[in-house]
Amino acid sequence: MEFFCYHRDRPGSLPLREELTEAHWSYMDRYAAELIARGPTFAADGETPTGSVHIVDLPDPAAARAFAFDEPNYQAGAFRDVLLRRWRNLLGRTMWDFPGGRTGGDRYLVLGLGTGEAVDLAVPPGRDDLIAYGPLLSDDATAWLGTAALVRAPDPERARAVLTADRYAAVEVHEWEFGGRR
């Protein structure tokens with residue numbers, strides 16, 4: 001089962017996050033074979049971290065909760081909240097298989113928080129700049145809760161355009177980059 005996990009930073013937590021970088025990476029190393037995508041999000045300045053995205057394939061919702069809440073930054077109080085949802089990998093690949101590579105161009109996390117009838121349940125046509133894409137689902141995968149995408153785009157507005165306009169309760173666009181050890 002695939003899960004989307006987005007830890008959002010608590011304001012002022014950067015020094016703590018920096019102190020825990022190695023502990024975080026060591027923790028994630030334990031999940032290297034299960035990771036579909038990972039990486040930090042940033043404020044509009046492109047430098048201030050705002051969160052951490054992990055898309056991971058785990059056996060069940062209990063394992064996903066353990067993954068999210070045992071993470072060292074979460075345990076230390078660096079995160080203000082966690083968005084954890086089932087996810088379906090519509091591209092069928094990891095971020096490391098993205099043909100556009102690890103660098104070049106701006107990258108974004110686009111989160112569409114759903115309401116009403118499900119939308120965007122198929123990969124949009126002509127979307128060669130999709131790094132990861134899929135619906136956010138309830139634990140039992142019966143209810144659509146939104147869509148999450150990692151996208152290469154020239155600006156936030158074009159990244160946002162990967163989702164159907166006016167069909168979400170809210171849409172967030174965050175600067176994002178490939179994560180992990182360099």
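Small disclaimer: the values here were computed from a predicted structure and weren't measured. The first residue in the sequence is number 1, and the count goes up from there.
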Work out which heavy atom in [X] is nearest to a heavy atom in [Y]; give both atom names and the distance.
X      : Y      : answer
Met1   : Pro61  : SD-CD, 3.9 Å
Ser138 : Leu145 : N-CD1, 3.6 Å
Ile36  : Trp96  : O-CZ3, 3.7 Å
Leu84  : Cys5   : CD1-CB, 3.9 Å

Kindly compute the distance separating CZ (Arg107) from CG (Asp129), expressed to the nearest 0.5 Å. 8.5 Å
Rounded to the nearest 0.5 angstrom, the CG-CZ distance for Leu58 and Arg86 is 11.0 Å
Which pairs, with at least one residue in residues 52-63 and sequence neighbours excluded, count as a salt bridge (Lys or Arg N to Asp or Glu O under 4.0 Å)? none
Taking the six-membered ring for Trp, is the centroid-to-centroid distance between Tyr74 and Phe69 below 6.0 Å? yes
Are His54 and Tyr31, when compared by the centres of their aromatic rings, separated by less than 6.0 Å? no
Can you tell me which residue pairs pass the ring pair (Phe, Tyr, Trp, His ring centres under 6.0 Å) test with a partner in residues 98-126, sequence neighbours excluded? none
Could you list all the ring pair (Phe, Tyr, Trp, His ring centres under 6.0 Å) pairs where at least one residue sits in residues 112-158, not counting sequence neighbours? Trp144-Tyr168
Flag the pair [X] / [Y] as yes when at least one side-chain heavy-atom distance between them is below 4.5 Å, and no otherwise.
X      : Y      : result
Thr94  : Leu35  : no
Pro99  : Arg93  : yes
Leu130 : Val162 : yes
Asp139 : Arg65  : yes
Glu175 : Thr50  : no
Gln75  : Asp70  : yes
Leu137 : Trp87  : no
Trp25  : Thr21  : yes

Is any side-chain N of the basic residue among Asp106 and Arg158 closer than 4.0 Å to the acidic one's carboxylate O? no
Please evaluate residues Ser26 and Asp29 with respect to the criterion side chain to side chain donor-acceptor pair (under 3.5 Å), reporting the C-alpha separation (whole Å), side-chain torsions for both, the decisive distance (0.1 Å), and the verdict. CA-CA 5 Å; Ser26 293; Asp29 287 347; 4.7 Å; no
Tell me whether Arg10 contacts the main-chain N or O of Gly77 through its side chain, where contact means a donor paired with an acceptor under 3.5 Å. yes
Please check: side-chain N/O of Thr41 versus main-chain N/O of Gly51, any donor-acceptor pairing under 3.5 Å? yes
Output, in order, the C-alpha distance, side-chain angles, deciding distance and verdict of ring pair (Phe, Tyr, Trp, His ring centres under 6.0 Å) for Phe67 and Phe3. CA-CA 10 Å; Phe67 169 84; Phe3 294 88; 9.2 Å; no
